[in-house]
Amino acid sequence: MIIHNLYIHGFGKWSGFSLSFAEDRPNIITGKNEAGKSTLYHFFLYMFFGLPPKQREAYMPKQGGGLGGTITVETAEAEVVTVERFHDRYKGQAICRTSLGVEHGEEWLRDQLNGLDRESFEAIFSFNADDLRHLETLSAESLGETLLDIGLTGSDRISRTERWLEKKVEERFKPQGRKPVINEQLHKVEDLYKKTRSLEKEEQAYLHLLEEKQQAIEEIEASGMAWREKTNALYRTEQLLKARPALVNYHQGLEELQRREFIVFPDGGMERYRQLKEKILPLQSEKKLLTSDVEAGKEKLKALAAAYQPQRLEEAALLLKRRPESEKLGYEKERLHKETEHRQEELSKEVQSLDIPLTVDDLDDYTFPFYIEETWRELKNEEQTLVQERAYIHDQSMDLEREFQYVETKKAELEEEMIGEDEAAALQYKIQEASETAAANRATRNSGKAGRVRPNRAALFVGAVAVLLGGAAVFIGGGSVVWLLLGVMLSIGLSFYASRLPQNVQPQISDSREKDVERAREKLREYETQRTEWKHVHDQWKQLNHEDIRLQEKESLAAQRRRRLEAQVTEQRSLYPFLTGLDVKHWEKLFHKVVQLREKRVEYLQAVKRIEELERKQDGMTEDLKTFHRRLDWEILDHTVRTGWNELSGWIKQQEHLERDVHQQKEALEALERRLKKITYQLQGYLEECHQLFGECGVESEQDFYKRAEEAETVRKLQEDVAGYQFQIDGLLSEEDQAHADVWNQVPEESRLLTDIREIKRDIEHLETQQSKARQHLADIHSRLDQMENSDERSALTHHYQAEKEKLKEMAKEWAGYQAALQALKETKQSYQSTYLPAVLAAAEDYFRTLTDRRYESIAADDPGRGITVLDSEGMLFAPGELSKGTRDQLYISLRLALGETMAGQRPLPFFMDDAFVHFDERRLQKMTTILQGVSTRHQVLFFSWRSDLQQVFTDANIQQLK
């Protein structure tokens, strides 16, 4: 098929757009990112294969109008046909009109595309460099599998069918297995045979069972009576053993009470002493604290009296009155001093703020020509322009980086969320298996025969027709005649098998399994949606890569302008050294700054003279202040005169505060002494009550009091414990058991009790075993008698045995059918693989030699356990991973072109390539140009690229520039 031209009525950004294509030379479609290359490529796929209604919404025209267009193609029979497809006509189906006015439909267009669907076409005739990376690790067997799947169906349907047949075979029978259904059926038939033989012997034992029944009833009654007697004896002995610890404690408590003498201790004595201690301890602490506070108060009063000096206070007050005049002079001097410092600092700062090697004395040393200001202005404007351009490039770079991160994150999320292809295939198998199982269950219910499962008759007829059409399509597309014969044989076999099945079988899935199947379908739909979104994100990633290259070119041009500007600035700074380090944008203001700095210098010198006059007046007052400070042994320096006045004022205030503090301290000391006297009186009363309590207990110290209280508490607890043990014994033993064991006078031996318990338990276990055996024996007798008297098990078992044997035969037939289909499919795959793999490798070798200047001679995939290897001109073997990146790209391109040409057969279709050679250097691109020109004589080539220099490389090509 050859594409002559197209016209887009409306598709994405394109509206009223047309293009023409060459037949025997490459067609290059170039344009920047967002120029519409990807949209144009999807328009081709839409015209050939259509789109579901929901996916068409993404390509509705941006400027309004209907979605669709036309493509004029030439078929393999040299017939010119116009293909048109519109969203709102013929339900989105394609209409193909020949030059004679004959119309064809969608099926005719599919036949011209070699029966390929969209996925198969993209897998064979559309590629870029990224799509080829998965070929790096393929072995010979894996590559053959890929060729077989793409050659027959354009996908992995053959592999999925083979795995499905293997699963069906293994589900039905394994020589050493137990889980497959045939293995389970064999065990079931064998078990039924053994049961039928055993039923024949049971009829003779009926009379003997009646005698055994009466004997078992008598034995159960006798053992039950003996068991109740032993159980009562065991309970009494165990209760006595439980009560033994309480008996031991009871007798020990009595002995301890008898050894202790009578102790005199008042009721509530401990509580009374505790209350007295709670009152005494706070008073003792407070007395100690008050005593310490009184001593400290006396020391503080003594220190305050020593620091108070009333005789110097009047002299200091007179001196302090002269402070305002001194401070006024000081303020004026300080103001002028600050003003001069400010002017000097301002002058220095302004010179320093220029950031140039220039002092105040050097301001008059430089002269400037009249044109220099204009020159500096032009340099300033150029620098501002470059800064803005650099900021723009930086913002664009940051935006591009964020978009890269977003796209890569989105791509990683989709890859993580998507289920694997194997899981998707497993879900498809699950849905198909559920449909078959439902059909089989329906057939079972309609037939009325137990244990029989039949496949769906209509599904088998449809499968037979599909197999026959598939074999014919492969043969018509250039495949071997073996495929046609295999399709006919499988179709006849399936039709014959289906003809023997009952009619009116409709598939039906149970409610429980229907939910599982629906969840599987939902997962598959979600998988397809995620897969489409991943492709869209991948296209965005490639566009961002192209945008990054263009941004780097802009940055390079800006760097060249920056270097020219820096040369001009360096020239000016060599003429005027003080410009070193000064930004160009400030040079124009330099004239005005020099004049302002000279005027400020004159004002500064006048202020310095006024400061000297004020200092002489202030020195006299300062000397009087120093004299007073020396009398008090203080120090005052010239630069701390103001501090001296402040210290004098502070000393006067301090003396006034000391006078008040001395008076307040005397009053506080008197209050503390009164409080101490009161606390001492209260404490003495509580101490007398403690001595009185000690007298009632007959002790003299606190230690003896606590010891006497502890002894009294011990006796009380012993009495309570003895009463508690007596209560426990009464609760565990009856009066009869107490009297029989004489528990109030002696304690039974533990060893004797344990021995009695073991003997009784042994007797009980023996009786329980006898009872259990007798009851089980009686139950078995009843069960066997009921089966013999009331059950028709023998006849039902015989019928079940024959039905299971028939079911086993049907399973064997079904297994044989799957096994034969699997073997035929494997043999066919091997034949197809051995036929086409050498042809693909031979074609790829020719391309690879040309691209590498015959540095590599051949491509091999002979060893099934290894990947693809290449042989260089010196006889060395290399794996793809050992080659350079450029050489690997050449190898992938060679394999991809060879695969497409081999699969094309007698009807070559156009190649669509999207920047497949973007990483090739000039020499490799020249070699690729030669190959594409050769390929274009057999296949039409449409190459999409963002590169604008391809006109220089493809000298003999049809180049279309998108805008």
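Computed from a predicted model, the values in this text were never measured in an experiment.
Of the possible donor and acceptor atoms, none in the side chain of Arg244 sits under 3.5 Å from a partner among the backbone N and O of Glu749. Between the side chain of Ser772 and the backbone N or O of Thr769 there is no donor-acceptor pair closer than 3.5 Å.
Across every non-hydrogen atom of Trp227 and Ile764, the tightest pair is NE1-CG2, 3.3 Å. Nearest heavy atoms, Ile280 versus Cys690: CD1-SG, 3.5 Å. In terms of heavy-atom proximity, Glu238 sits nearest to Lys761 at OE2-CE, 3.5 Å. When all heavy atoms of Pro748 and Leu753 are compared, the pair lying nearest together is CB-CD1, 4.1 Å. Across Lys279 and Leu283, no two heavy atoms sit closer than the pair O-CG, 3.3 Å. Pairing each heavy atom of Ile220 with each of Ala774, the nearest pair is CG1-CB, 3.4 Å.
His777 contributes atom NE2, which lies 11.0 Å from atom CD1 of Ile217 (distance to the nearest 0.5 angstrom). Of the inter-residue distances, the one linking Gln770 atom CD with Ser223 atom OG reads 6.5 Å to the nearest 0.5 angstrom. Distance check: Arg752 CZ to Leu240 CG gives 7.0 Å after rounding to the nearest 0.5 Å. The distance from atom CD of Gln214 to atom CG of Leu778, rounded to the nearest 0.5 Å, is 10.0 Å. Once rounded to the nearest 0.5 Å, the distance linking CD of Glu221 with CD of Gln771 reads 11.0 Å. Rounding to the nearest 0.5 angstrom, the gap separating the CD atom in Glu533 from the CE atom in Met418 is 10.0 Å.
Taking the side chain as every heavy atom from C-beta outward, Arg762 and His766 never approach each other to under 4.5 Å. Counting heavy atoms from C-beta outward, Lys230 and Leu234 have side chains that stay 4.5 Å or more apart.
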* To do: Check the pair Leu524, Glu528 against side-chain contact (heavy atoms from CB on, under 4.5 Å), reporting the backbone distance first and the verdict last.
  => CA-CA 6 Å; Leu524 284 177; Glu528 292 297 334; 5.7 Å; no
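In the displayed structure, Lys411 atom NZ is contacted under 6.0 Å by more than 12 heavy atoms of other residues, nucleotides or ligands. More than 12 non-hydrogen atoms from other residues, nucleotides or ligands lie less than 6.0 angstrom from CD of Glu278.
Salt bridge status for Glu219 with Lys773: absent, with no side-chain N to carboxylate O gap under 4.0 Å. In this structure, Arg521 pairs ionically with Glu518, as a charged nitrogen and a carboxylate oxygen lie closer than 4.0 Å. In this structure, Glu526 does not pair ionically with Lys523, as no charged nitrogen and carboxylate oxygen lie closer than 4.0 Å.
Residues meeting the side chain to side chain contact (heavy atoms under 4.5 Å, CB included) test with Arg228, sequence neighbours left out: Met225.
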